[in-house]
Amino acid sequence: MSQLPEPLTERPYIPDYGLPTSTKGLLSFADAIELLAPAMNYWVCTVRPDGRPHAVPVWGVVVDGKVHFGGGPDTRKAKNLKTNPHVVVHSESGDKVVIVEGTVRAVTDDAEQERIDDAYEAKYKMRHGPTVWVVEPVVGFGWTNFVKDATRWRFDAQ
C-alpha cells in the first residue's frame, strides 16, 4: 500500500447554486480524510449486472488515505463488484460530506490485510478479514459548509 498522490483540488461544477468562483476556502484532501476516518458507517453504492444501483451501509477504515471495506463473497455488493468494480463511497453525514468515486480492488496481500485488520480492530474492536476491498479514487467531492467550501478532488489529473 502506498499513500495517495495529492489530487488536483478545485471547485465542482454545480450550476445554479452560487458556488464561489475563487479557490479560497477549498477543502484539502487531508480535510476529507479527517472527516472520513472517524465515521462508523459508510454508504457504498455499486451497480447490479442489470444496471440498477445498489446502496448499502458498511463498516470501513481509512488506511493510507484510501477507504477499505469488506463483506462476504455472496453479498449483493460483492457480486456487483465482481462484475463491475466501479463504486461510490459516501460518508454517513449529509452535512459534513465526503463522496469518493473510483474502482475497487480486492486486498490479496497478507501484509496489507494485516494493516487493514489492525485498523478495523482499533476502530471496531474486531478484526475484519478475509474479503476486503480498497477504493482507488478517481474523483471526490466534499463540503462542511455548502456552498462556501464545496470542493472537488481529481486524482486522474496527475
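These values consider heavy atoms only, across backbone and side chains, with no hydrogens, waters or symmetry-generated copies.
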Any link between [X] and [Y] through a network of hydrophobic side chains (Ile, Leu, Val, Met, Phe, Trp, Tyr) touching at under 4.5 Å?
X: L81; Y: V132; value: yes
X: F141; Y: V100; value: no
X: V135; Y: V88; value: no
X: I14; Y: V139; value: yes
X: V97; Y: V147; value: yes

If I compare all heavy atoms of [X] with all of [Y], which pair ends up nearest, and what's the gap?
X: L19; Y: A150; value: CD2-CB, 4.0 Å
X: G65; Y: I33; value: O-CD1, 3.6 Å
X: A32; Y: W153; value: CB-CH2, 3.6 Å
X: P73; Y: T131; value: CD-OG1, 4.0 Å
X: P38; Y: L35; value: CD-O, 3.7 Å
X: F155; Y: P5; value: CE2-O, 3.8 Å

| query | Is the number of heavy atoms from other residues, nucleotides or ligands under 6.0 Å of D109 CG greater than 12? | reply |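 Correct, the count exceeds 12.
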| field | From K123 atom NZ to D118 atom CG, the distance as rounded to the nearest 0.5 Å | value |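 Here the interatomic distance stands at 14.5 Å.
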| field | Interatomic spacing from CG in D110 to CZ in R115 - rounded to 0.5 Å | value |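 Going from CG on D110 over to CZ on R115, the span is 14.0 Å.
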Pairwise salt bridge (charged side-chain N to carboxylate O under 4.0 Å, His left out) hits with a residue in [range], at least two apart:
range: residues 38-61; result: D50-R52
range: residues 95-104; result: none
range: residues 12-31; result: none
range: residues 130-142; result: K66-E136, R105-E136

| task | For the residue pair Y120 and H128, categorise the inter-ring angle as parallel (less than 30°), tilted (30 to 60°) or perpendicular (more than 60°). | result |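 Correct class here is tilted.
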Go through the structure and list residues passing side-chain hydrogen bond (donor to acceptor under 3.5 Å, both in side chains) with [X], not counting sequence neighbours.
X: K77; answer: none
X: R76; answer: N80
X: E34; answer: none
X: R11; answer: none

Any side-chain heavy-atom pair from [X] and [Y] closer than 4.5 angstrom?
X: V89; Y: I99; answer: no
X: H90; Y: V98; answer: no
X: V87; Y: T103; answer: no
X: Y42; Y: W59; answer: no
X: M126; Y: E121; answer: no
X: N84; Y: T46; answer: no

| request: For the pair H86 and V47, evaluate side chain to side chain contact (heavy atoms under 4.5 Å, CB included) and give the outcome as yes or no after the intermediate values. | output: CA-CA 8 Å; H86 293 92; V47 180; 5.7 Å; no
| request: Ignoring hydrogens and angles, state whether a donor on the side chain of Q113 or D117 is under 3.5 Å from an acceptor on the partner side chain. | output: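 The criterion, which ignores hydrogens and geometry beyond distance, is satisfied for D117 and Q113.
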| request: Sequence neighbours left out, what passes ring pair (Phe, Tyr, Trp, His ring centres under 6.0 Å) with F69? Give chain and number order. | output: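 F69 satisfies ring pair (Phe, Tyr, Trp, His ring centres under 6.0 Å) with W133 once adjacent residues are dropped.
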| field | Results of ring pair (Phe, Tyr, Trp, His ring centres under 6.0 Å) for Y13 - residues two or more places apart only | value |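 Ring pair (Phe, Tyr, Trp, His ring centres under 6.0 Å) list for Y13, sorted by chain: empty.
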| task | Start with the C-alpha gap between N41 and V58, add the side-chain angles, then the distance that decides, and say whether side chain to side chain contact (heavy atoms under 4.5 Å, CB included) holds. | result | CA-CA 6 Å; N41 302 290; V58 300; over 6 Å; no
| task | Walk me through it: do V56 and T75 pass the test side chain to side chain contact (heavy atoms under 4.5 Å, CB included)? | result | CA-CA 11 Å; V56 64; T75 61; over 6 Å; no
| request: Hydrophobic side-chain clustering at under 4.5 Å (ILVMFWY, transitive links): who's grouped with W43? Put none if nobody. | output: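 Noted: W43 shares its cluster with no other residue.
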| request: Quick one: which residue pairs count as a side-chain hydrogen bond (donor to acceptor under 3.5 Å, both in side chains) with a foot in residues 140-149, not counting sequence neighbours? | output: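 side-chain hydrogen bond (donor to acceptor under 3.5 Å, both in side chains) check on residues 140-149 returns T144-D149.
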| message | Please check: side-chain N/O of E112 versus main-chain N/O of V107, any donor-acceptor pairing under 3.5 Å? | response |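 Side chain of E112 to backbone of V107: no pair is present.
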| What do the steps show when you test V67 against V134 for side chain to side chain contact (heavy atoms under 4.5 Å, CB included), and what is the final call? | CA-CA 6 Å; V67 178; V134 57; over 6 Å; no
